[in-house]
Protein chains: 2
Amino acid sequence: MNLDGVFQALADPTRRAVLGRLGSGPASVSELAQPFDMALPSFMKHIRFLESNGWIRTHKSGRIRTCVIEKASFDVAEAWLSDQRALWEGRTDRLEQFVTNPYLKEDRACPALPTPPST
Amino acid sequence: MNLDGVFQALADPTRRAVLGRLGSGPASVSELAQPFDMALPSFMKHIRFLESNGWIRTHKSGRIRTCVIEKASFDVAEAWLSDQRALWEGRTDRLEQFVTNPYLKEDRACPALPTPPST
DNA sequence: CGAATACTGAGCCACAAGGCTAAGTTAATC
DNA sequence: GATTAACTTAGCCTTGTGGCTCAGTATTCG
């Protein structure tokens with residue numbers, strides 16, 4: 001369950017829709033597949049993908065495979081975004097300085113703001 | 001700037017690393033590329049991908065192209081996750097009801113929910 | 001038992017993704 | 001004015017992704 005897979009799972013409308021549906025409760029594969037104009041084997045690939053990337057759990061009983069949404073990957077995804085936001089917001093003030101400082105604009109394109117004369 | 005592309009952009013370690021780096025300030029393409037063992041044209045594809053999916057803005061001045069992170073796609077991604085979370089949490093109580101209601105359990109195929117980690 | 005249901009497995013196909021090299025182009029330096 | 005630096009364009013190659021069909025297998029139902 002690496003970040004690559006976690007995000008890739010979200011990069012497809014079918015898979016996002018499945019997660020959306022599962023958000024309101026468990027469902028069997030064919031129930032989930034019903035809204036989509038897609039052959040079952042194709043659809044199953046999406047289910048397996050979601051499962052192997054930690055977005056859902058599935059469990060077969062009889063001939064029916066039931067899918068349940070799982071919070072794990074969800075948290076991983078949110079954590080990454082949240083870290084990113086923290087980083088970005090942590091330097092917003094310095095960015096503003098950069099944008100409005102004509103010297104920096106002309107000079108090197110990106111002095112990268114190396115830990116400025118911190119207070 | 002559709003969800004497909006927004007999430008796909010995050011499904012690659014190089015692109016996530018670039019966003020991470022840009023989180024602490026603007027940089028030129030070659031500065032960004034420097035840590036990666038990759039030919040420049042390959043790297044540029046990542047930059048273009050991030051740009052065309054709204055994760056960064058770029059601007060060329062002289063022969064240097066400077067990249068700046070952008071909040072737009074970020075918000076879109078967080079919004080989707082947040083909606084998803086709302087949905088999921090909004091029905092946790094009902095889920096609980098579902099799990100503990102023997103009638104529902106027989107009725108539909110889905111009860112799966114492998115033993116809640118409770119008590 | 002036989003038929004229908006709900007997947008499952010194997011294999012094919014077209015196209016997108018991510019990497020490369022080689023050869024431009026444009027701006028800055030010497 | 002020639003070099004060098006910083007991209008850019010073009011084209012190739014391999015692998016992955018998302019779709020399909022056709023033929024199983026395993027359960028459930030009549």
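Every chain is numbered from 1, with letters handed out A, B, ... down the list of sequences. Just so you know, these numbers come straight off a predicted model, no measurement behind them.
- For B/G62 and A/K60, each mapped to the nucleotide of DNA chain C holding its nearest heavy atom, the one lying further toward the 5' end belongs to A/K60.
- B/S52 places a side-chain N or O within 3.5 Å of a backbone atom of B/R48 that can act as its donor or acceptor partner.
- Here A/S42 lies in heavy-atom contact (under 4.0 Å) with a base.
- To the nearest angstrom, P of D/dG16 lies 13 Å from NZ of A/K45.
- Residue B/L40 contributes atom CG, which lies 17 Å from atom P of D/dA10 at whole-angstrom precision.
- Ranking D/dC22, D/dC7, C/dA17 by closeness to the B/Q8 side chain, first place goes to C/dA17.
- Judged by distance alone, with hydrogens and angles left aside, the side-chain atoms of A/R16 form no donor-acceptor pair with the main-chain N or O of A/A9 at under 3.5 Å.
- Side-chain N/O atoms of A/H46 include none lying less than 4.0 angstrom from OP1 or OP2 on D/dT17.
- Residues B/D75 and A/R85 are paired through a salt bridge, judged by an N-O separation under 4.0 Å between the basic side chain and the carboxylate.
- For B/I64, the side-chain atoms get nearest to D/dA6 when compared with the rest of D/dA6, C/dG19, C/dC7.
- Remark: P of D/dT15 and CG of A/D4 are 18 Å apart, rounded to the nearest angstrom.
- Put simply, CE on B/M44 is 17 Å from P on C/dT21, counting in whole angstrom units.
- In this structure, the CG atom of B/L32 is 13 Å from the C1' atom of D/dC7, given to the nearest Å.
- Considering only heavy atoms from C-beta on, A/W55 comes within 4.5 Å of A/L10 through its side chain.
- Between B/L32 and B/F43 the shortest side-chain heavy-atom distance falls below 4.5 Å.
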| said: Let's go through B/I56 and B/E70 carefully: what are the C-alpha distance in whole Å and the side-chain angles of both, what is the deciding distance for side chain to side chain contact (heavy atoms under 4.5 Å, CB included) to 0.1 Å, and is it a yes or a no? | reply: CA-CA 5 Å; B/I56 67 175; B/E70 195 167 18; 5.6 Å; no

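- Residue B/F43 contributes atom CZ, which lies 14 Å from atom P of D/dA6 at whole-angstrom precision.
- Closest to the side chain of B/S30, from the set D/dA6, C/dA22, D/dG19, is D/dA6.
- Position along DNA chain D of the nearest nucleotide to A/F49 versus A/A39 favours A/F49 as the more 5'-ward residue.
- For the pair B/R65 CZ and C/dT26 P, the interatomic distance rounds to 14 Å; values are reported in whole Å.
- Fit an axis to the five pairs at each end of the helix from C/dC1-D/dG30 to C/dC30-D/dG1 and the two axes sit 20° apart, to the nearest 10 degrees.
- Donor-acceptor pairing under 3.5 Å, judged by distance alone, is present between the side chain of A/R63 and the base of C/dT5.
- When all heavy atoms of B/L22 and B/V68 are compared, the closest pair comes out as CD1-C, 4.5 Å.
- In this structure, the CZ atom of B/R48 is 11 Å from the C1' atom of D/dT9, given to the nearest Å.
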